[in-house]
Number of protein chains: 2
Amino acid sequence: MNKTKKRSDCPISNSLDIWGDKWSLLIIRDLMFAKECTYGDFLKAQERIATNILASRLQSLEENKIIEKLDHPDSKAKVLYRLTKKGVDLMPVLIEIHLWAEKYFPIPDDRKAMLKDVKKDKAGFIKAATKELMG
Amino acid sequence: MNKTKKRSDCPISNSLDIWGDKWSLLIIRDLMFAKECTYGDFLKAQERIATNILASRLQSLEENKIIEKLDHPDSKAKVLYRLTKKGVDLMPVLIEIHLWAEKYFPIPDDRKAMLKDVKKDKAGFIKAATKELMG
DNA sequence: CATTTGCACTTGCAATATGCAAGTAAAATT
DNA sequence: AATTTTACTTGCATATTGCAAGTGCAAATG
């Protein structure tokens, strides 16, 4: 997405200015499920993001402090990406999207299983998952 | 946005295929706050959507059953748009985006006031607001 | 230690989407 | 009857996306 041109003072609009495109939330999703991803990991996702788009989204998400780069422990050729706290804090948004989607589309079984846990104790689920990602 | 080309079976991706652009959620936002809007009402929003983009988004949201058209009670020249149940059900998503934004940006006072209510009783807030929109 | 492979990007270009300004047609107002 | 309002549509310039191929460095292989 684009740099810091805010279209208004609305929080929805401001948020969309950062991650309101067809790809950013999928990158964030991948990091929520995997905790750490390499460039190649993102490219493996079902949706088949183009390499140039991936590079531009990673840069923009990093500029907006949603994700950060880490050195890969066993190779200088690899880069690890992970969510910052600001990124992890998007988890409730991702969860509500899941819950909405579950009401209106068929969704994969593993996601259904996850949502079963979510519904049992949403706050608890988020707390545990956040700990997992930030620890 | 585009027609029904699903990029994957992921619920996040499926959702973004419908409203994952810079404008759709703003239209939905306007309808959450106003319940019913005319074409001209949408054009008045701070973000200044272009008329052609507005028309294309309204059409796509209608095709996806997020919004519906209604006859305006006192004029055939006017059209009213409102959220369907499927659209109203996006409220938790919009609320979580607000809560996230509040943590990381300055947000307007009226939204802050709203979030204060939300935080007091999220389920109650959603129930009441949904009733308001669907009644 | 030379060569190949893997990884994270860049680059070039075509296709698509966005944004702006102006236009249109029907309905309402004057 | 003429003007204005309303909901769009159209044309065109600009920006973004998507695809395919390429680049450069690091690591593995022979």
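By convention in this document, chain letters (A, B, ...) are assigned in the order of the sequence lines, proteins followed by strands, and residues within each chain are numbered from 1.
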Problem set entry | Check: A/E68/A/T84 side-chain N/O donor and acceptor closer than 3.5 Å |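 Distance-only check fails for A/E68 and A/T84.
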Exercise. Do you see a donor-acceptor pair shorter than 3.5 Å between the side chains of A/D89 and B/Y104?
Worked result: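 The criterion, which ignores hydrogens and geometry beyond distance, is satisfied for B/Y104 and A/D89.
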For this session: Please identify each residue that fulfils side-chain hydrogen bond (donor to acceptor under 3.5 Å, both in side chains) with B/K127, with sequence neighbours left out.
Result: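 Listed in chain order: nothing, the list is empty.
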Exercise. Among all residues two or more places apart in sequence or in another chain, which pass the side-chain hydrogen bond (donor to acceptor under 3.5 Å, both in side chains) test with B/N14?
Worked result: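 Scan of B/N14 (side-chain hydrogen bond (donor to acceptor under 3.5 Å, both in side chains), adjacent residues dropped) gives none.
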Below the 4.0 Å mark, does [N] have OP1 or OP2 next to a side-chain nitrogen or oxygen of [X]?
X     : N      : value
A/R48 : D/dC19 : no
A/Y81 : C/dC7  : no
B/K22 : C/dG19 : yes
A/W23 : D/dT17 : no

Exercise. How do A/I53 and B/V79 order along DNA chain D: which one's closest nucleotide is nearer the 5' end?
Worked result: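 Whichever sits nearer the 5' end wins; that is B/V79.
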Find the distance [X]:[atom1] to [N]:[atom2] and express it as a whole number of Å.
X     : N      : atom1 : atom2 : answer
B/N52 : C/dT24 : CG    : P     : 17 Å
A/L54 : D/dT17 : CG    : P     : 13 Å
B/R57 : D/dT9  : CZ    : P     : 14 Å
B/K69 : D/dT6  : NZ    : C1'   : 12 Å
A/H72 : C/dG6  : NE2   : P     : 16 Å
B/L26 : C/dT18 : CG    : C1'   : 15 Å
B/I27 : C/dT18 : CD1   : C1'   : 14 Å
A/D17 : D/dT16 : CG    : P     : 13 Å

Problem set entry | A/D71 atom CG, neighbour heavy-atom count above 12 within 6.0 Å |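 Result for CG/A/D71: open.
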Exercise. Taking everything shown except A/D110 itself, do over 12 heavy atoms lie less than 6.0 Å from its CG?
Worked result: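 Above 12, so yes.
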Exercise. Excluding sequence neighbours, so at least two apart, what forms ring-ring contact (aromatic ring centres under 6.0 Å, His included) with A/F33?
Worked result: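 A/F33 satisfies ring-ring contact (aromatic ring centres under 6.0 Å, His included) with no other residue.
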Problem set entry | Closest heavy-atom pair and its distance - A/F105, B/S15 |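 Result for this residue pair: CE1-OG, 3.9 Å.
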Can you give me every donor-acceptor pair (side chain of residues 128-135 of chain A, partner residue at least two apart or in another chain, under 3.5 Å) with its distance?
| residue | atom | partner | partner atom | Å |
| --- | --- | --- | --- | --- |
| A/T130 | OG1 | A/I126 | O | 2.7 |

Exercise. For DNA chain D, what residues of residues 38-46 of chain B have any heavy atom nearer than 4.0 Å?
Worked result: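 Result for residues 38-46 of chain B: B/T38, B/Y39, B/G40, sorted by number.
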Provide a list of protein-nucleic acid N or O atom pairs under 3.5 angstrom, restricted to nucleotides 22-28 of chain D.
| residue | atom | partner | partner atom | Å |
| --- | --- | --- | --- | --- |
| D/dA27 | OP1 | A/K76 | N | 2.8 |

